[in-house]
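Numbers here are sequence positions counted from 1. Fair warning: this is a prediction, and the values are worked out from it, not measured in the lab.
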Amino acid sequence: MSLKSGRSKHRVSPDPMELAFREAEAAADRGEVPVGAVITGSGGAIISSAGNRTIELSDPTAHAELLAIRKACMVLQSSRLVDCDLYVTLEPCGMCATAISFARLRRVYFGALDAKMGAIESGPCLFNDASCHHAPEVYGGIGEARAKALLVEFFKQRR
């Protein structure tokens, strides 16, 4: 550490869920449904982050989780994210939950439940199905009130 600057040479990673919320807010600013996702490595370092871009990319699969998974796989040069964790502001849908399983993510932390499209603790509960090859540990309700408020405000402005 330099005595003059008082700053360490090593960058401290921001809280992953806070970064996911920043990605969600940026998505809302772009007119996308405000969902953000972050993937961290085994030591907690941020590997990738993304927000929804379905409208911008004209791609119904451009959910925050899938974009973050794709980036992390490119960074790690691997199709498996075995020692990695996903932080996402909204409960993943069936498509994203399947990708999470295929990527072999270790843990999923999410904000708000998605009663309509969620597939982890709502709806089909994909990771509990016998056909699921890999089920990560799941922790829901992280920043739930903030995640709900962000979604409610976004859709309120659109109606």
Side-chain angles (χ1 to χ4, degrees), residues 13 15-28 30-152 154-155:
S13 295
D15 171 57
M17 196 56 139
E18 179 58 35
L19 181 54
F21 276 111
R22 285 189 224 153
E23 288 284 359
E25 290 161 356
R30 293 189 302 272
E32 303 276 359
V33 174
V35 178
V38 170
I39 294 180
T40 62
S42 60
I46 306 287
I47 296 172
S48 67
S49 66
N52 275 354
R53 292 186 181 275
T54 59
I55 296 167
E56 178 184 336
L57 299 176
S58 300
D59 180 356
T61 70
H63 288 199
E65 302 95 319
L66 290 182
L67 296 173
I69 287 170
R70 289 174 189 153
K71 285 181 192 176
C73 287
M74 285 191 297
V75 166
L76 298 176
Q77 297 184 350
S78 175
S79 63
R80 299 286 188 254
L81 303 173
V82 177
D83 292 323
C84 297
D85 299 333
L86 170 71
Y87 294 79
V88 61
T89 57
L90 184 65
E91 176 184 9
C93 69
M95 174 180 67
C96 293
T98 300
I100 289 164
S101 179
F102 287 172
R104 305 297 194 266
L105 281 155
R106 178 178 53 185
R107 294 184 199 104
V108 175
Y109 299 90
F110 71 86
L113 285 170
D114 186 350
K116 194 173 189 180
M117 295 298 295
I120 292 177
E121 290 187 6
S122 305
C125 299
L126 204 88
F127 299 145
N128 294 333
D129 192 278
S131 67
C132 182
H133 295 290
H134 169 75
E137 294 175 33
V138 175
Y139 303 92
I142 314 294
E144 182 175 18
R146 183 177 177 189
K148 281 183 182 178
L150 190 58
L151 289 159
V152 166
F154 176 81
F155 287 111

Residues at least two apart in sequence or cross-chain that pass side chain to side chain contact (heavy atoms under 4.5 Å, CB included) with Ala50, listed by chain then number, are Leu67, Ala68, Lys71

When rounded to the nearest 0.5 angstrom, what is the spacing between CG in Leu90 and NZ in Lys148?
11.0 Å

Verify, without hydrogens or angle tests, whether Arg106 (side chain) and Asp85 (backbone) share a donor-acceptor contact under 3.5 angstrom.
no

Taking the side chain as C-beta and beyond, is there a heavy-atom pair between Ser101 and His134 under 4.5 Å?
yes

Heavy-atom closest pair (Met17 atom, Phe110 atom, distance to 0.1 Å) is CE-C, 3.7 Å

Once you round to the nearest 0.5 Å, how far does CG of Leu76 lie from CG of Leu81?
6.0 Å

Taking it one step at a time, do Val88 and Cys96 satisfy side chain to side chain contact (heavy atoms under 4.5 Å, CB included)?
CA-CA 11 Å; Val88 61; Cys96 293; over 6 Å; no

Can you measure from CD (Glu91) to CD (Glu144) and round to the nearest 0.5 angstrom?
10.0 Å

Apply side chain to side chain contact (heavy atoms under 4.5 Å, CB included) to Leu151 and Val33, showing your working.
CA-CA 7 Å; Leu151 289 159; Val33 174; 4.0 Å; yes

Is it the case that Asn52 and Thr54 place a side-chain donor and acceptor less than 3.5 Å from each other?
no

Between Glu65 (side chain only) and Ala37 (backbone N and O only), is there a donor and an acceptor less than 3.5 Å apart?
no

Less than 4.5 Å apart, any side-chain heavy atom of Leu66 and any of Met95?
yes

Report the distance from atom OH of Tyr109 to atom OH of Tyr139, rounding to the nearest 0.5 Å.
5.5 Å

Does any N or O in the side chain of Thr89 come within less than 3.5 Å of the main-chain N or O of Gly36, such that one atom is a donor and the other an acceptor?
yes

Starting at CG of Leu19, measure out to OG of Ser48 and round the result to the nearest 0.5 Å.
9.5 Å

Can you see which heavy atom on Gly31 is nearest to which on Ile55, and at what distance?
O-CD1, 3.5 Å

With sequence neighbours left out, what residues match Asp59 under side chain to side chain contact (heavy atoms under 4.5 Å, CB included)?
Leu57, Thr61, Ala62, Arg70

Can you see which heavy atom on Ala135 is nearest to which on Phe127, and at what distance?
CB-O, 3.6 Å

Report yes or no: does His133 contribute a side-chain atom to a donor-acceptor pair with the main-chain N or O of Phe102 at less than 3.5 Å?
no

Search all heavy atoms of Ile100 against all heavy atoms of Pro92 and return the closest pair with its distance.
CD1-CG, 3.8 Å

Testing the basics here: between Ser49 and Val38, what is the closest heavy-atom pair and its distance to 0.1 Å?
CB-CG2, 3.8 Å

Partners meeting salt bridge (charged side-chain N to carboxylate O under 4.0 Å, His left out) with Glu56 (sequence neighbours left out):
Arg30, Arg53

Spell out, as yes or no, whether a donor-acceptor pair under 3.5 Å connects the side chain of Glu121 to the backbone of Leu113.
no

Working to the nearest 0.5 Å, report the span between CD1 of Ile47 and OG1 of Thr40.
6.5 Å

Could you tell me which non-hydrogen atom of Gly118 sits nearest to which non-hydrogen atom of Pro124, and how far apart they are?
O-CD, 3.7 Å

